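Data first, discussion second: the structure below is written as structure tokens.
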Amino acid sequence: MNKSFSVVLALFFLAQLVSAQSMSNQEMEKKIDEILNQLTLREKVDLCHAQSKFSTAGVARLGIPEIWMSDGPHGVRGEINWNDWGYAGWTNDSITAFPALTALAASFNPELSYEYGFALGEEARYREKDILLGPGVNIYRTPYNGRNFEYMGEDPYLASIMVVPYIKGVQKNGVAACVKHYALNNQEHDRHVIDVKADDRTLHEIYLPAFKAAVQQGGVWSLMGAYNQYNGQFATHNKVLMNDILKGDWNFDGVVVSDWGSTHSTMEAALNGLDIEMGTFTNGLTFSMNFPYHDYNLANPFYEKIKSGEIPESVVNDKARRILRLMLRTNMNPNRPLGRMNNQEHSDVARKVATEGIVLLKNENNFFPLKETKGLTIAVIGENATKPMTIGGGSSELKAKYEISPLAGIQNRFADATILHAMGYSSGPSAYGRVIESPLNQDSLFQNAVETAAKADIVLFVGGLNKNFQQDCEGGDRISYDLPFNQNKLLKAVLEVNSSVGVVLVSGNAVAMPWLKDVNAVMQAWYLGSEAGNAIADVISGDVNPSGKLPFSFPININDNAAHSFGEESYPGVNKTQEYKEGILVGYRWFDTKKIKPQFSFGFGLSYTTFAYSNMQTDKKAYGKDDEVKVSFTLTNTGNVAGAEIAQLYVSDPKSSVMRPVKELKGFDKVMLQPGESKEVSITVPVSSFAYYAVDSKSWVVEPGDFILQVNSSATDNQLKKKIKVN
Ligand code: BGC
């Protein structure tokens with residue numbers, strides 16, 4: 001390359017990195033005033049509702065652009081038709097598919113979350129999107145929820161830490177992130193109607209923190225209202241959620257976008273904080289009228305009510321102001337970078353997240369990594385070894401430029417071995433809202449798989465769930481905790497003919513594992529996007545030492561899960577109402593408090609090496625309420641390979657005037673160590689984060705007294721402990 005050209009190129013990429021927000025807040029508000037003064041009432045109203053499935057109108061006579069949105073959250077979705085949910089058939093909309101957010105959460109790596117958000121934001125920008133509909137941070141309450149794979153697990157602290165850099169990365173490109181689905185949208189069953197009752201403490205301690213972090217620390221420019229109701233009012237225009245908390249307490253200055261078809265009333269939408277109405281007159285996904293946009297709640301009916309004085313004009317002015325603010329941050333920002341797509345760097349980010357997210361759950365006799373495979377016969381059994389997982393699942397479905405299947409990844413990496421493959425079952429094609437039976441003969445698939453397994457030295461069983469309806473898919477929940485499609489039986493039959501079996505679970509949810517004691521190894525491999533097969537092969541081969549940890553607990557039985565243990569009123573609800581009876585005791589908080597042993601606990605994950613923790617110190621013995629506690633300890637890699645350990649800091653308040661979970665995650669650090677290497681690790685936590693939410697005073701309270709700090713390698717594996725005092 002000629003030198004001056006490479007300088008120009010370098011400057012060009014530098015310009016791309018310049019922050020998208022180059023106007024001061026004051027200049028921005030002044031600009032908004034100028035624009036607002038020129039808009040007619042009709043033009044302001046028309047900013048507040050869809051003009052197509054994924055866009056809102058601009059003001060053509062003034063050069064104010066349209067807003068274009070796209071799903072989210074794992075890649076930029078293929079182009080959708082103007083008026084219905086069909087794909088538009090463009091040929092320039094294939095993208096990099098990034099791993100699902102469960103995998104990102106399992107990496108416990110906030111820097112990687114930034115890289116993920118930035119790369120995804122670049123793709124959204126290149127595809128000329130102004131709002132990317134993600135990330136999702138609904139808390140993992142039940143393994144049945146069809147959309148858990150899109151979210152960041154069961155712990156509000158982990159989700160908060162991971163969501164903030166994702167948002168910053170996306171928005172660095174002049175593309176708004178849209179954190180969703182606010183709030184209490186923790187199941188798909190009856191999602192359009194279910195009325196959730198959760199007490200205030202539960203709401204504030206468990207279900208809101210990640211949204212609050214997205215707003216206050218991530219500075220997110222938009223947020224999506226959820227389908228469900230909360231205390232008898234739809235979440236999308238719920239006074240408490242939107243006016244009191246989001247726009248009141250948290251000072252959110254961005255735009256509230258409805259979910260597609262989550263708006264039900266003009267008065268409530270107008271007065272309770274909704275800014276842009278999308279997708280109304282659809283049941284969410286399956287049909288839409290021809291030109292219904294002017295009949296939206298925030299279209300003609302809104303206009304008429306302002307005209308008649310029933311709704312003050314200040315209401316639409318506030319919405320238009322927020323929308324223009326979003327535009328000045330995105331499509332009216334002349335300095336925003338240009339974005340790029342399908343470049344090697346994005347594939348590299350996808351692969352890095354995928355390998356760091358994989359969690360090794362069992363590894364008897366060092367089954368993994370597979371070394372010295374020359375001349376071996378490896379049977380790869382299971383439909384998930386070849387089924388594309390970027391397809392299906394609902395709105396997060398992607399049109400991936402490429403997707404390396406687990407089988408292809410294994411074949412490429414282990415070229416010196418003989419690789420056999422048998423599906424074992426066929427789940428049928430993916431279809432929205434229904435299950436389609438496969439036309440293939442299941443008995444012969446089963447038989448063939450067992451015969452194939454019998455011929456091999458090693459079996460890799462690549463199973464799990466998939467993106468079909470009632471699996472890991474939007475619009476419905478799972479109907480059983482067991483592996484579907486007869487996989488338990490298939491595994492049993494495989495184990496009868498071959499005792500060397502490692503399981504690679506491709507799923508976004510916990511599953512029952514009645515075969516756990518009989519298999520040699522289990523690897524949780526999530527939905528890993530374009531680089532899935534390569535990442536799986538990286539870890540199976542030991543090219544990458546696994547370091548992911550579970551972002552949610554795996555119960556042994558479904559009724560060990562808190563939500564399920566309270567029966568139907570708690571999950572899935574009775575008469576379209578449900579009560580979160582477990583309150584704040586979600587995930588490990590429940591297992592700890594009730595002394596129930598999970599199959600695998602939150603924060604658990606093995607490595608090809610081992611770690612030792614020692615010498616825990618705190619910088620003081622007693623702290624004030626506004627202090628920070630600096631915890632330090634030594635972490636040593638005691639094995640033979642380099643590896644990263646995620647050390648977790650949990651805090652307990654043993655004597656409290658209110659019930660508290662046994663312990664709660666308040667900090668973590670992911671530390672890379674060479675064999676034999678030791679590092680001093682320090683984790684700093686503010687004492688204020690030890691607080692509980694006091695319902696009466698509506699405030700966060702830290703009660704003076706002793707607190708126990710635990711350094712753990714998982715929620716159930718305590719390594720070090722120390723008591724401190726808070727005065
Ligand atoms: C989903 C949202 C999605 C929207 C647009 C809805 O059905 O709940 O998460 O962003 O559709 O596709």
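Just so you know, ligand 1 is whichever comes first in the structure, and atom 1 is the first atom listed for that ligand. Computed from a predicted model, the values in this text were never measured in an experiment.
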Numbering the atoms of ligand 1 from 1, which are under 4.0 Å from a heavy atom of Phe54?
-> 5 (C), 12 (O)
Quick note on ligand 1: atoms under 4.0 Å from a heavy atom of His181 include exactly 2 (C), 8 (O), 9 (O)
Considering the heavy atoms of Trp260, write down every atom of ligand 1 situated less than 4.0 Å from one of them.
-> 4 (C), 5 (C), 11 (O)
Report yes or no: does Met69 have a heavy atom closer than 4.0 Å to ligand 1?
-> no
Ligand-side contact atoms (ligand 1) for residue partner Ser395, heavy atom cut-off under 4.0 Å = 1 (C), 2 (C), 3 (C), 9 (O), 12 (O)
Interfacing atoms of ligand 1 (cut-off 4.0 Å, heavy-atom, Leu133) = 10 (O)
Would you please determine whether Arg191 falls within less than 4.0 Å of ligand 1 on a heavy-atom basis?
-> yes
Asp249 meets the side-chain contact (heavy atoms from CB on, under 4.5 Å) criterion, sequence neighbours left out, with Ile245
Partner of Glu122 under side chain to side chain donor-acceptor pair (under 3.5 Å), picked from Lys172, His346, Arg127, is His346
What residue among Phe149, Phe98, Phe552 forms ring pair (Phe, Tyr, Trp, His ring centres under 6.0 Å) with Trp526?
-> Phe552
Cationic N near anionic O, under 4.0 Å, Asp275 to Lys247 = yes
Classify the side-chain pair Gln187/Gln578 by whether it contains a donor and acceptor separated by less than 3.5 Å.
-> yes
Numbered atoms and elements of ligand 1 in range of Arg147, under 4.0 angstrom, heavy atoms | 1 (C), 2 (C), 8 (O), 9 (O)
Looking only at distances, please establish whether an N/O atom of ligand 1 is found under 3.5 Å from an N/O atom of Asp259.
-> yes
Proximal atoms of ligand 1 relative to Lys180 (non-hydrogen, under 4.0 Å) | 2 (C), 3 (C), 9 (O), 10 (O)
Not counting sequence neighbours, which residues clear ring-ring contact (aromatic ring centres under 6.0 Å, His included) with Phe469? List them please.
-> none
Do Trp260 and Phe54 pass the ring pair (Phe, Tyr, Trp, His ring centres under 6.0 Å) test, and can you show the C-alpha distance, the side-chain angles, and the key distance before you say yes or no?
-> CA-CA 9 Å; Trp260 271 234; Phe54 280 94; 5.2 Å; yes
Near Arg77, which atoms of ligand 1 are under 4.0 Å from a heavy atom of that residue?
-> 12 (O)
Check for a donor-acceptor pair, side chain of Lys467 on one end and backbone N or O of Asp472 on the other, with a separation under 3.5 Å.
-> no
